[in-house]
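The shown structure was predicted, so the numbers you read here are calculated from the model rather than taken from an experiment. Residue numbering restarts at 1 for every chain, and letters A, B, ... go by the order of the sequence lines.
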Protein chains: 2
Amino acid sequence: MKELPDFAQHFILHWGEMGTKWGINRTVAQIHALLFLSEEPLNAEDICTRLGVARSNVSNSLRELQNWGIVKVVHLPGDRRDHFESIKDVYEMFRIIAAERKKREIDPTLANLRNCADEAGQEKGEGDPYAKKQLEELLGFFELVSDFYDKMNRLPTKSAIKAIRMGDKIAKSIGAIGK
Amino acid sequence: MKELPDFAQHFILHWGEMGTKWGINRTVAQIHALLFLSEEPLNAEDICTRLGVARSNVSNSLRELQNWGIVKVVHLPGDRRDHFESIKDVYEMFRIIAAERKKREIDPTLANLRNCADEAGQEKGEGDPYAKKQLEELLGFFELVSDFYDKMNRLPTKSAIKAIRMGDKIAKSIGAIGK
DNA sequence: CTTGCATTTCTGTAAAGACAGAAATTAAGA
DNA sequence: TCTTAATTTCTGTCTTTACAGAAATGCAAG
């Protein structure tokens with residue numbers, strides 16, 4: 001097992017810090033960063049020593065990364081131990097992350113907004129028309145975002161990248177047509 | 001001060017819960033939801049009683065919402081107290097939120113990745129070419145996302161919405177051309 | 001200047017999350 | 001089946017965050 005170069009250390013530490021801002025546990029994010037940079041799959045013990053965290057912590061963090069779907073178990077010939085590797089392709093990785101975040105952060109809200117809009121519709125008497133209007137606008141926005149996500153997700157990576165690169169030009173031309 | 005209808009209560013509670021998943025404090029998110037649905041600006045005391053949280057908590061949460069830029073102070077004639085109102089336009093609101101999140105969550109990472117890539121470039125000897133390659137790919141991705149964001153942010157709301165609505169069709173046509 | 005309300009800051013407590021080390025479980029090879 | 005290495009789960013501690021209530025500050029009208 002080679003030692004990590006300095007730049008890798010710096011990156012791993014930063015990624016761990018940012019993880020906390022993204023609602024991901026620091027250790028989880030660090031392990032992910034380590035695996036992402038590592039050409040060979042690593043076993044849990046390696047990860048412990050490289051990052052200096054407890055074995056149990058590594059075990060739980062790896063499970064979380066597997067739940068996210070961005071880390072997989074692999075087995076090396078002649079070695080009983082589990083080894084772990086990250087998804088290597090950046091775009092594929094963020095596609096998976098985006099899908100998972102949508103599932104956890106957007107979909108439940110969308111469902112709630114639909115419920116609430118229903119409730120608002122069934123209200124007796126005058127209710128609160130302003131609140132109702134605002135809620136419906138929010139629902140519209142979430143539906144727009146959710147649809148957009150689903151569409152983009154169906155595209156192959158290359159098309160998606162191209163679309164992102166050209167995003168503004170396309171939008172501008174649409175804007176111009178729209179006027 | 002009118003009572004809140006049921007659907008509004010349900011929405012506020014849910015929004016508070018989701019806030020925690022988005023890295024936002026529950027009370028902060030609840031206050032935001034309340035103000036978003038409220039036609040009139042509310043004062044701090046109103047917010048306390050509606051949500052049943054401590055005055056100090058409301059005060060701090062309102063400051064955070066003002067830092068985000070999605071809540072403003074307004075003054076009502078004949079009333080010394082501060083009143084607060086949310087940005088009402090959903091798109092405008094998410095534009096601001098997106099800008100703030102980019103500033104907090106993307107930009108620092110972009111800066112770090114550039115640093116690390118520099119370090120990697122200046123390494124003596126062989127270093128770790130694989131890690132270097134992975135880091136550069138990640139950097140490329142973050143630059144792509146950051147540019148895309150900046151471009152979209154400069155568009156007027158209507159154009160952006162149209163672009164989002166048509167997103168998949170555009171991307172598909174690009175993909176087809178690309179082949 | 002001072003009185004009284006509005007607001008913020010401070011302080012302590014409660015709750016949640018992160019994490020290490022120990023114990024328990026699983027599974028492979030002898 | 002027994003042994004041993006590997007992994008997971010459990011338990012307690014420590015740190016961080018959330019929050020209420022109290023104290024302090026700010027500010028406007030008289």
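As rounded to whole Å, 13 Å separates atom P of C/dT7 from atom CG of B/Leu42. Taking atom CZ on A/Phe84 and atom P on D/dA6, their separation rounds to 13 Å, with Å as the unit. B/His75 has its NE2 atom 13 Å from the C1' atom of C/dC5, to the nearest Å. Distance A/Arg81 CZ to D/dA5 P: 12 Å, rounded to the nearest Å. Separating the CG atom of A/Leu51 from the P atom of C/dC19 is a distance of 11 Å, rounded to the nearest angstrom. Rounded to whole Å, the distance from CG on B/Asp82 to C1' on D/dA28 is 13 Å. In this structure, A/Asp79 atom CG and D/dA5 atom P are separated by 14 Å, rounded to whole Å. For the pair A/Asp46 CG and D/dA6 P, the interatomic distance rounds to 11 Å; values are reported in whole Å.
Counting Ile, Leu, Val, Met, Phe, Trp and Tyr side chains that sit under 4.5 Å apart, directly or through other members, B/Leu76 shares a hydrophobic cluster with B/Val74.
Aromatic ring centres of A/Trp15 and A/Trp22 lie closer together than 6.0 Å.
Using a 4.0 Å heavy-atom criterion, one finds that B/Arg80 contacts the bases of the nucleic acid, with or without backbone contacts as well.
Salt-bridge check for A/Arg104 with A/Glu100: passed, with a basic side-chain N closer than 4.0 Å to an acidic carboxylate O. One finds no salt bridge joining A/Lys133 and A/Glu136 here, because no Lys/Arg side-chain nitrogen approaches an Asp/Glu carboxylate oxygen to under 4.0 Å.
Using a 4.0 Å cutoff on non-hydrogen atoms, the parts of residues 54-63 of chain A near DNA chain D are A/Arg55, A/Ser56, A/Ser59, A/Asn60, A/Arg63, ordered by number.
Taking A/Asp89 as the reference, nothing meets the side-chain hydrogen bond (donor to acceptor under 3.5 Å, both in side chains) condition, with sequence neighbours excluded.
Side-chain nitrogen and oxygen atoms of B/Thr27 include at least one within less than 4.0 Å of the OP1 or OP2 phosphate oxygen of D/dC19.
For the atom pair B/Arg26 CZ and B/Asn57 CG, the distance stands at 11.0 Å (nearest 0.5 Å).
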